[in-house]
Number of protein chains: 2
Amino acid sequence: MQERNTKQKQVIARLILEAGHPVSVQEILEVGRGHMSRLGIATVYRTIKRLLDAGELQAVVIPGDVVRYEAVMPHHHHFKCSRCDRVYDLDGCVKELKSMVPKGFKVENHELTFYGCCRSCA
Amino acid sequence: MQERNTKQKQVIARLILEAGHPVSVQEILEVGRGHMSRLGIATVYRTIKRLLDAGELQAVVIPGDVVRYEAVMPHHHHFKCSRCDRVYDLDGCVKELKSMVPKGFKVENHELTFYGCCRSCA
DNA sequence: TCATTATTGATAATGATCGATCAATATTAT
DNA sequence: ATAATATTGATCGATCATTATCAATAATGA
């Protein structure tokens with residue numbers, strides 16, 4: 001018998017997909033308990049780990065903040081609202097970034113996070 | 001009697017200034033012990049806290065990495081080498097960044113980190 | 001339905017960072 | 001130099017996020 005399809009996995013996976021923004025472990029636990037009141041924190045961690053290994057999920061790390069997770073999507077960056085603490089996805093990127101890196105350094109990846117006040121909080 | 005000028009504070013402050021790149025607590029402890037063999041970890045934390053509060057130091061947070069510290073300097077970003085784990089300062093920024101943020105969002109700050117292979121490791 | 005076993009939930013354990021404690025030490029004003 | 005006391009170093013403890021443990025539960029194949 002291989003991997004089983006449990007209610008917990010379904011709830012957690014769907015929840016992250018439908019969130020529309022990166023979610024933290026605590027958010028997943030709280031929202032998830034709205035569907036399954038006895039959902040355990042260990043199951044949340046285990047499911048996240050599975051989805052990460054399967055390449056369906058990616059971590060969103062905001063410095064000095066808890067890790068969040070979102071469905072894998074094309075290259076993009078994030079905006080964190082300092083008022084409501086929500087994290088938004090921003091589309092695209094700008095090619096001029098590369099000009100900041102001196103000769104001899106090879107860039108393989110980059111992360112960019114904006115901080116400020118979001119539309120809802122303005 | 002106010003704040004005292006101790007050897008520990010001098011060593012730690014000078015060490016960070018002269019490092020030329022952001023340093024971690026462990027680096028400070030190790031390099032510092034080269035000058036004062038009995039330097040304690042608590043003193044390193046205390047001195048960092050003092051310098052942060054005094055506005056002379058700023059934290060450099062690389063996602064998923066230990067916190068580093070560097071002397072306060074003009075707006076700039078960082079490059080982390082995935083080979084040697086060193087963090088480099090990059091000068092300047094690009095104004096095109098703002099175009100990535102949708103209308104209604106007010107940017108107050110931003111952080112940008114490049115990852116890849118540095119000149120020495122290439 | 002039933003047996004097998006992957007998975008779960010509760011919680012203990014871990015690991016890491018950093019603050020608190022306190023006797024010993026070193027700096028400063030006199 | 002000396003007294004007053006800020007600071008230190010060693011260590012313990014608090015606080016997190018995350019993992020390990022294990023009996024109980026539930027999904028699957030027969």
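Computed from a predicted structure; not experimentally measured. Labels below follow one simple rule: chain letters A, B, ... track the order of the sequence lines, proteins then strands, and each chain is numbered from 1.
Look at D/dA30: its Watson-Crick or wobble partner, with both distances under 3.5 angstrom, is C/dT1.
The nearest whole Å value for the distance from the CZ atom in A/Arg46 to the P atom in D/dT21 is 12 Å. Between the P atom of D/dG13 and the CD1 atom of B/Ile41 lies a distance of 19 Å, rounded to the nearest Å. Summarising the geometry, the separation between CZ on B/Arg50 and C1' on C/dG19 is reported as 13 Å, rounded to the nearest angstrom. One can place CG of A/Leu39 at 14 Å from P of D/dA26, the figure rounded to the nearest angstrom. In this entry the distance linking CD of A/Gln10 with C1' of D/dA27 reads 11 Å, nearest Å. A straight line from NZ of B/Lys49 to C1' of C/dC18 spans 9 Å, rounded to a whole angstrom. Atom pair B/Arg4:CZ and D/dA6:C1' shows a separation of 4 Å (rounding to whole Å applied). As a whole-Å value, the separation of B/Leu29 CG from C/dT17 P is 12 Å.
Using a 4.0 Å cut-off, no side-chain N or O of B/Thr6 falls inside it from OP1 or OP2 of D/dA6. Contact check, B/Lys9 against C/dT27: no side-chain N or O comes under 4.0 Å of OP1 or OP2. Proximity of B/Tyr45 to the phosphate of C/dC18: a side-chain N or O atom is located under 4.0 Å from OP1 or OP2. Regarding contacts with the backbone of D/dG9, a side-chain N or O of B/Gln8 is found under 4.0 angstrom from either OP1 or OP2. Distances shown here put every side-chain N or O of B/Gln26 at or beyond 4.0 Å from the OP1 or OP2 atom of C/dA16.
Both B/Asn5 and B/Ala42 lie near DNA chain C, and the one whose nearest nucleotide falls closer to the 5' end is B/Ala42.
Aromatic ring centroids of B/Phe114 and A/Phe105 lie 6.0 Å or more apart.
Taking 4.0 Å as the cut-off between side-chain N and carboxylate O, B/Arg83 and A/Glu108 count as a salt-bridged pair.
Remark: the B/His78 side chain and the B/His21 side chain contain no N/O donor-acceptor pair separated by less than 3.5 Å.
Using a 4.0 Å heavy-atom distance criterion, A/Arg38 is classed as a sugar-phosphate-only contact.
Aromatic ring orientation, B/His110 versus B/His77: tilted (interplanar angle from 30° to 60°).
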Report task. Could you walk me through whether B/Val87 and B/Glu70 pass the side chain to side chain contact (heavy atoms under 4.5 Å, CB included) test, one step at a time? Result -> CA-CA 11 Å; B/Val87 174; B/Glu70 68 180 355; over 6 Å; no

